[in-house]
Chemist: 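Got a structure here, written out as structure tokens. Questions coming.
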Amino acid sequence: MSELYQFHNVSKRFDGPENLEIFKNINMVIHEGEALGIVGASGSGKSTLLHLMGALDTPSTGQVFFDGADMALMRPDEKARFRNTSLGFVFQFHHLLPEFTAEENVAMPALVAGRSRAEALPSARDMLERVGLSHRTGSSVATMSGGERQRVAIARAILMRPRVLLADEPTGNLDENTGRQVGDLLISLNRDLGMTLVVVTHNNELAATMHRSLELRAGILYEKEFA
């Protein structure tokens, strides 16, 4: 598999009264098509790592490369286009718009990219079918369960067929059974669509289903082994 992300001596700190250093000299490679779990305690910097991959933040020192290009050199408009077309984001909180239907929520990335409703809505329905919600396309998300809303959020994240799906605690607000179903769905999307999957999670059971896992501890990344 080809190298998709490369982290070269990446450090992140937040300057202030305490000069908080989140991590230092991270070196990491993520390969195209792999499923990677990142675990660690709250506040360890897992989400910050994900934000660097998503061009939502920049390192204090070091470089992050995507497909050979230094992400820090992207212009703001290039970053916005990169996030819209190459990346899909799934968060612990689904961030859906309650006044819209499931298919309208899923269609948002395509509409933002300038596609017409006539083009975007059929694609949204296809994605909802892929995540098992074909019967809920016209339903208001306000009437849906937590698991259904997270599936809508996943459908929205994959609408543009991104190369990478970044998930930040995707099962954090779900019960154990629903969380397992969402985790299985993410793995199936990685397998069936070939998109690279990076999951930040406290859930060791979910992390153990990935091709490999890393643990961020005291600012250092370690290979994580599960018994």
Side-chain angles (χ1 to χ4, degrees), residues 1 4-5 30-38 47 50-51 53-56 66-67 79-97 100-139 141 144-174 178-201 206 209-211:
M1 293 185 291
L4 188 60
Y5 279 103
I30 302 174
H31 293 92
E32 183 108 40
E34 84 168 309
L36 175 68
I38 301 177
S47 294
L50 207 70
H51 291 169
M53 297 177 204
L56 297 169
F66 181 85
D67 207 13
K79 287 184 178 181
R81 186 165 55 251
F82 170 68
R83 288 190 292 264
N84 184 251
T85 59
S86 295
L87 305 179
F89 293 92
V90 179
F91 299 102
Q92 180 175 352
F93 302 99
H94 47 74
H95 299 299
L96 300 174
L97 300 173
F100 292 102
T101 65
E103 66 180 0
E104 288 170 334
N105 269 278
V106 174
M108 287 298 172
L111 297 173
V112 168
R115 299 183 186 177
S116 67
R117 284 177 61 89
E119 182 181 5
L121 289 178
S123 296
R125 289 191 286 270
D126 288 344
M127 292 302 102
L128 285 167
E129 181 176 3
R130 183 171 285 277
V131 301
L133 288 177
S134 58
H135 61 297
R136 297 286 260 157
T137 57
S139 300
V141 295
M144 292 183 169
S145 68
E148 287 176 326
R149 292 178 186 180
Q150 194 63 305
R151 285 175 177 268
V152 173
I154 293 170
R156 179 183 59 189
I158 65 174
L159 178 73
M160 304 294 281
R161 296 297 182 104
R163 294 178 67 182
V164 183
L165 183 59
L166 302 175
D168 193 351
E169 296 288 0
T171 64
N173 281 339
L174 305 176
T178 304
R180 188 175 295 114
Q181 293 173 0
V182 168
D184 290 344
L185 173 60
L186 292 172
I187 288 293
S188 72
L189 292 172
N190 165 257
R191 180 187 64 243
D192 298 340
L193 300 182
M195 62 180 60
T196 303
L197 173 65
V198 182
V199 178
V200 161
T201 181
L206 173 59
T209 65
M210 304 292 144
H211 298 154

Chemist: For residues I154 and M127, determine if any side-chain heavy atom of one lies less than 4.5 Å from a side-chain heavy atom of the other.
Modeler: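 The answer is no, as the side chains (C-beta and beyond) never meet within the 4.5 Å cut-off.
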Chemist: Please answer whether the main-chain N or O of A110 pairs with a side-chain N or O of R115 as donor and acceptor at a distance below 3.5 Å.
Modeler: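 Side chain of R115 to backbone of A110, a donor-acceptor pair under 3.5 Å: no, none is there.
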Chemist: Where does the angle between the aromatic ring planes of F89 and F91 fall among parallel (under 30°), tilted (30 to 60°) and perpendicular (over 60°)?
Modeler: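 Rings of F89 and F91: parallel, under 30°.
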Chemist: Quick one: are R151 and Q181 in side-chain contact, heavy atoms under 4.5 Å?
Modeler: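 The answer is yes, as the side chains (C-beta and beyond) meet within the 4.5 Å cut-off.
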Chemist: CG of L50 to CG of L166: how many Å apart, nearest 0.5 Å?
Modeler: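 Going from the CG atom of L50 to the CG atom of L166 covers 4.5 Å.
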Chemist: Can you find a heavy atom in the side chain of V141 that is under 4.5 Å from one in the side chain of L97?
Modeler: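 In short, these two side chains do not touch, never coming nearer than 4.5 Å.
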Chemist: R163 versus E32: any side-chain heavy-atom pair under 4.5 Å?
Modeler: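 Yes, close enough: below the 4.5 Å cut-off.
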Chemist: Step by step, work out the side-chain contact (heavy atoms from CB on, under 4.5 Å) result for R156 and L96.
Modeler: CA-CA 9 Å; R156 179 183 59 189; L96 300 174; 3.5 Å; yes
Chemist: I'd like to check P109 versus N84 (side-chain heavy atoms, cut-off strictly below 4.5 Å). Are they in contact?
Modeler: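 With C-beta onward as the side chain, the pair touches.
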Chemist: Using modelled atom types and a 3.5 Å cut-off, is there a donor and acceptor pairing between side-chain atoms of N190 and backbone atoms of M195?
Modeler: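 Yes, the answer is positive, given that a donor and an acceptor are paired below the 3.5 Å cut-off.
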Chemist: Strictly distance-based, threshold 3.5 Å: is any side-chain N or O of E34 a donor or acceptor partner for the main-chain N or O of H211?
Modeler: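 Side chain of E34 to backbone of H211: no pair is present.
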Chemist: State, with a plain yes or no, whether a side-chain heavy atom of L165 is found less than 4.5 Å away from one of V90.
Modeler: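 Yes; the side chains approach each other to less than 4.5 Å.
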Chemist: What residues form a side chain to side chain donor-acceptor pair (under 3.5 Å) with R161, not counting sequence neighbours?
Modeler: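 Side chain to side chain donor-acceptor pair (under 3.5 Å) list for R161, sorted by chain: empty.
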Chemist: Got a sec, which pairs hit salt bridge (charged side-chain N to carboxylate O under 4.0 Å, His left out) with one end in residues 85-97, sequence neighbours left out?
Modeler: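 Qualifying pairs: none.
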Chemist: Do L56 and K79 make a side-chain contact, defined as non-hydrogen atoms from C-beta onward lying under 4.5 Å apart?
Modeler: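 Side-chain contact under 4.5 Å: no.
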Chemist: Side-chain contact test, heavy atoms from C-beta onward, threshold under 4.5 Å: evaluate it for I38 versus M53 and give yes or no.
Modeler: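 Yes - at least one pair of side-chain heavy atoms lies under 4.5 Å apart.
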Chemist: Can you tell me how far apart CG (L206) and CG (L186) are? Round to the nearest 0.5 Å.
Modeler: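 Between atom CG of L206 and atom CG of L186 there are 7.0 Å.
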Chemist: Considering residues at least two apart in sequence or located in another chain, which fulfil the side chain to side chain donor-acceptor pair (under 3.5 Å) criterion with T196?
Modeler: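 Scan of T196 (side chain to side chain donor-acceptor pair (under 3.5 Å), adjacent residues dropped) gives none.
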Chemist: Would you sort out whether V164 and S86 count as a side-chain contact (heavy atoms from CB on, under 4.5 Å), showing the intermediate values?
Modeler: CA-CA 6 Å; V164 183; S86 295; over 6 Å; no
Chemist: For R125, what residues pass the side chain to side chain donor-acceptor pair (under 3.5 Å) criterion, not counting sequence neighbours?
Modeler: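 Applying side chain to side chain donor-acceptor pair (under 3.5 Å) to R125 gives E103.
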Chemist: Under the side chain to side chain donor-acceptor pair (under 3.5 Å) test, which residues partner R130, sequence neighbours left out?
Modeler: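 In terms of side chain to side chain donor-acceptor pair (under 3.5 Å), with neighbours along the sequence ignored, R130 is linked to no residue.
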Chemist: Assess whether side chain to side chain donor-acceptor pair (under 3.5 Å) is satisfied between E104 and T101, documenting all intermediate values.
Modeler: CA-CA 5 Å; E104 288 170 334; T101 65; 3.3 Å; yes
Chemist: Enumerate the salt bridge (charged side-chain N to carboxylate O under 4.0 Å, His left out) contacts for residues 181-196, please, sequence neighbours excluded, ordered by first and then second residue.
Modeler: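 Listed by first then second residue: nothing to list.
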